[in-house]
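Here's the structure we're looking at; comments come further down.
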Amino acid sequence: MEKKTAHTHFSNQQLAETFRLIADLLEIKGEVIYKVLAYRKAADSLEHMGQSAEELWQENRLGEIPGVGKAISEKMDELFSTGQLQFLEKLKAEVPVGLAELLQVPDVGPKKAKMFWKELGVTNVAELETAARAGKLRDLPGMGEKSEARILAGLEALSRRTTRTPLGVAWPFANEIARWLGSLPGVVAANPAGSLRRMRETVGDLDISAATEDPAPVMDAFIHHPRVIEVFAVGDVKSSVEFDNHLRAQLWLHRPEQYGTALLYATGSKDHNVRLREIAQTMKLSLSDRSFLQPDGSEKFYATEEEVYAVLGLPWIPPELREDRGEIQAAKAGRLPHLIEVKDIVAELHSHSTWSDGQASILEMAQAAQQRGLKAIAITDHSHSLGVTGGMTAEDIRARMAEVREAQAKMGDSFTILQGAEVEIRNDGRLDYPDEVLAELDVVIASLHTGLRQPKEQVTARLIKAIQNPHVDIIGHPTGRLIPDREGADLDMNPVLQAAKESGVALEINANPSRLDLDDIQSRRAIEMGIPLSINTDAHSPDNLDFLMYGVATARRGWVEPQHVINAWPVEKLVQWLKR
DNA sequence: GCCGTTTTCGGCCCGACTGTTTTCAGTCG
């Protein structure tokens, strides 16, 4: 059959946004909630699947997407074929589209949005603010002065809130709070939960769970933590605050004997939990955050997640896998991956010294790596065309070799320093050094730093040309994205992955929490294709080496095992691979 | 609107918190 050609291209992200908008407008209109949830579920699937919906559409395979049935398939078909969606246009004529953004305001949901629209003619956030300031909200049914003030505060928070918080900011802070909670009298356990525990690259609010027999003093201590600047809600089991760094956090308290179900519930993801509850239902059990409800109405409590999974006939599933991306089926079949861990990494293959924009000498970087238990480090300073970094010329590389040898002598035989460079991929896809210079290096990383906004065909061809250079070992931060500010290059990933597979080049998972590039989904596709990965910190100073945990976390979310990662191999095997 | 080795029709998670209420509605996770 002939392949279909799209009238208009839509990325999965764009499709997801379209269906989320439909869901919001339908909900405000008052459509049955399950129809609304169905659109949101389809949007989630589109966002989280590794494949492009447009490709599936071309092959008439849209129905394979979980949560996409006849109606939503037809809507995507119309979008690809015509660039339009009549259903949405009619919906917009019924419900002002600006009302959807009202749902972003804390304490404003579909019911209130509809009421503000019908009673006051409010159709967007700006009009809501005007109405609230004029004191018009307080007289509406179910509203009062307090509700009006909360919405005003919510509007202010909304204008202040930028984006989701990068993991690299949220993780250290949440753990500091959790450790502090754990040190309070009577607290048996305290953990970050939610997307933070699943190590998603960005997180919204922080979810923290703790176990104690005596919740009142713990809750009281929490809301009076010296860094808390606002308390939004406080109850016996749950409270919600904002810290002075503008991170918001919820604390859930549970009795220690219920902590297993509680932590599982709070960790999510929502979809993972839904699957677990479905399994429970087949066993005539009802799983909640507090217990398993038995058919006779009694409850059984479990203190650990391991016990909860065991009741369901499953092994414990690492939080990074809990995204409903096949982990439950794998657990059932006894085929969970043996996920890579930080301790599996033996070598850092992407680091910088004072020979380019790094802050430390080669020896200092090597010593810092050794202190962290590594057996080898590649010093991969920038090449000269990346002017801002003070990159090396070919002559600099030869001069640097002497310093590497000196540092190697001081480090002794138990630690290896590799000669490397992070070579710029120029605008035409050629590398910054001639082949004979590249041949002298142990490790060649090729990276894009400029021209990331080139058209898809051009930037993809450029990267593939670099992949095909026989001296290149690793592609550094392949897409060039920066979290949360900059989208990566508009790469066509299929041919890029295919080229990496054919050339046997490793793709990097850059562990810098502002990069995490490749991401979890792309990493999983790469290992499924048999492409080797390399997890590196891109350290510009000794303490940057501690970014490793974020790269490993991203790899774990991508189901990566140690054998997939070249710098988790024994050093001898790694060195041999580099010489291939 | 989606989905099905319990169903092609009838489910789809539900409890905590707040505010405005005299027993509940809306929001949130």
Side-chain angles (χ1 to χ4, degrees), chain A residues 19 22-24 26-28 30-45 62-76 87 102-116 137-151 153-154 193-198 203-209 215 219 223 231-241 248-254 258 261-262 264-293 299 332:
Chain A
F19 291 130
I22 290 175
D24 287 349
L26 286 176
E27 194 177 17
I28 292 165
E31 184 58 87
V32 287
I33 191 65
Y34 296 110
K35 197 178 280 197
V36 174
L37 293 174
Y39 280 105
R40 295 207 175 117
K41 167 104 173 75
D44 283 346
S45 286
L62 284 176
E64 291 174 22
I65 304 170
V68 173
K70 185 160 175 287
I72 294 180
S73 289
E74 284 172 1
K75 290 186 175 65
M76 279 194 264
F87 178 80
L102 250 54
L103 304 183
Q104 299 303 309
V105 181
D107 286 310
V108 178
K111 301 287 165 53
K112 284 183 187 165
K114 183 175 188 177
M115 179 169 72
F116 299 153
L137 303 186
R138 62 183 69 175
D139 298 326
L140 295 170
M143 297 284 296
E145 279 186 40
K146 278 191 177 175
S147 319
E148 188 177 82
R150 277 175 81 99
I151 287 176
S195 52
L196 193 68
R197 184 159 177 248
R198 304 200 310 278
V203 299
D205 295 349
L206 310 180
D207 292 304
I208 302 174
S209 286
M219 207 51 107
I223 64 171
V231 178
F232 301 110
V234 55
D236 297 335
V237 299
K238 180 190 160 187
S239 66
S240 170
V241 304
R248 293 180 175 212
Q250 346 237 351
L251 174 64
W252 304 73
L253 294 178
H254 303 273
Q258 303 171 344
T261 46
L264 186 67
Y265 181 86
T267 300
S269 67
K270 195 178 80 216
D271 292 335
H272 179 84
N273 289 349
V274 167
R275 292 276 168 267
L276 295 183
R277 280 195 292 272
E278 283 171 1
I279 296 175
Q281 277 172 9
T282 66
M283 305 166 75
K284 306 282 183 221
L285 299 172
S286 172
L287 170 60
S288 72
D289 59 333
R290 44 171 290 128
S291 69
F292 276 105
L293 184 63
E299 285 183 294
K332 261 190 205 163

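We name chains A, B, ... by the order of the sequence lines, and we start the count at 1 in each one.
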What is the separation between atom [atom1] on [X] and atom [atom2] on [N], rounded to the nearest whole Å?
X: A/I279; N: B/dC12; atom1: CD1; atom2: C1'; result: 17 Å
X: A/L264; N: B/dG15; atom1: CG; atom2: C1'; result: 16 Å
X: A/L137; N: B/dG19; atom1: CG; atom2: C1'; result: 14 Å
X: A/I72; N: B/dG1; atom1: CD1; atom2: C1'; result: 6 Å
X: A/L103; N: B/dC28; atom1: CG; atom2: P; result: 8 Å
X: A/K238; N: B/dG29; atom1: NZ; atom2: P; result: 7 Å
X: A/E31; N: B/dC12; atom1: CD; atom2: P; result: 19 Å
X: A/N273; N: B/dC12; atom1: CG; atom2: P; result: 17 Å

Which residue lies toward the 5' end of DNA chain B, A/V237 or A/D207, if each is placed at its nearest nucleotide?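 Its nucleotide being nearer the 5' end, the pick is A/V237.
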Quick one: on DNA chain B, does A/V36 or A/M143 contact a more 5' nucleotide (nearest heavy atom)?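 Looking at DNA chain B, the more 5' nearest nucleotide goes with A/V36.
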Is the shortest side-chain heavy-atom distance between [X] and [Y] below 4.5 Å?
X: A/I33; Y: A/E27; value: yes
X: A/F116; Y: A/M143; value: yes
X: A/Q258; Y: A/S291; value: no
X: A/K332; Y: A/I279; value: yes

When you check the phosphate oxygens OP1 and OP2 of [N], does a side-chain N or O of [X] lie under 4.0 Å from one of them?
X: A/Y39; N: B/dG1; value: yes
X: A/K114; N: B/dG26; value: no
X: A/S147; N: B/dT20; value: yes

Choosing from [options], which nucleotide comes nearest the side chain of [X]?
X: A/K112; options: B/dG29, B/dG26, B/dC13; answer: B/dG26
X: A/K111; options: B/dG1, B/dG26, B/dA16; answer: B/dG26
X: A/K146; options: B/dG26, B/dT20, B/dG29; answer: B/dT20
X: A/P106; options: B/dC28, B/dC2, B/dC13; answer: B/dC28
X: A/R277; options: B/dG29, B/dG1, B/dC13; answer: B/dC13

Worked check of side chain to side chain contact (heavy atoms under 4.5 Å, CB included) between A/I208 and A/Q250: CA-CA 6 Å; A/I208 302 174; A/Q250 346 237 351; over 6 Å; no
Indicate, with a heavy-atom threshold strictly under 4.0 Å, whether [X] touches base, sugar-phosphate, or nothing.
X: A/D289; answer: nothing
X: A/E278; answer: nothing
X: A/Y265; answer: base
X: A/V234; answer: sugar-phosphate
X: A/R150; answer: sugar-phosphate
X: A/K270; answer: nothing
X: A/P110; answer: sugar-phosphate
X: A/K75; answer: sugar-phosphate

A/Y39-A/K75 side chain donor-acceptor pair, cut-off 3.5 Å: yes
Nucleotide opposite B/dC17 in a Watson-Crick or G-U pair, distances under 3.5 Å: B/dG26
Approximate separation, where rounding is to 0.5 Å, of A/F19 CZ and A/M76 CE: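 Result: 5.0 Å between the selected atoms.
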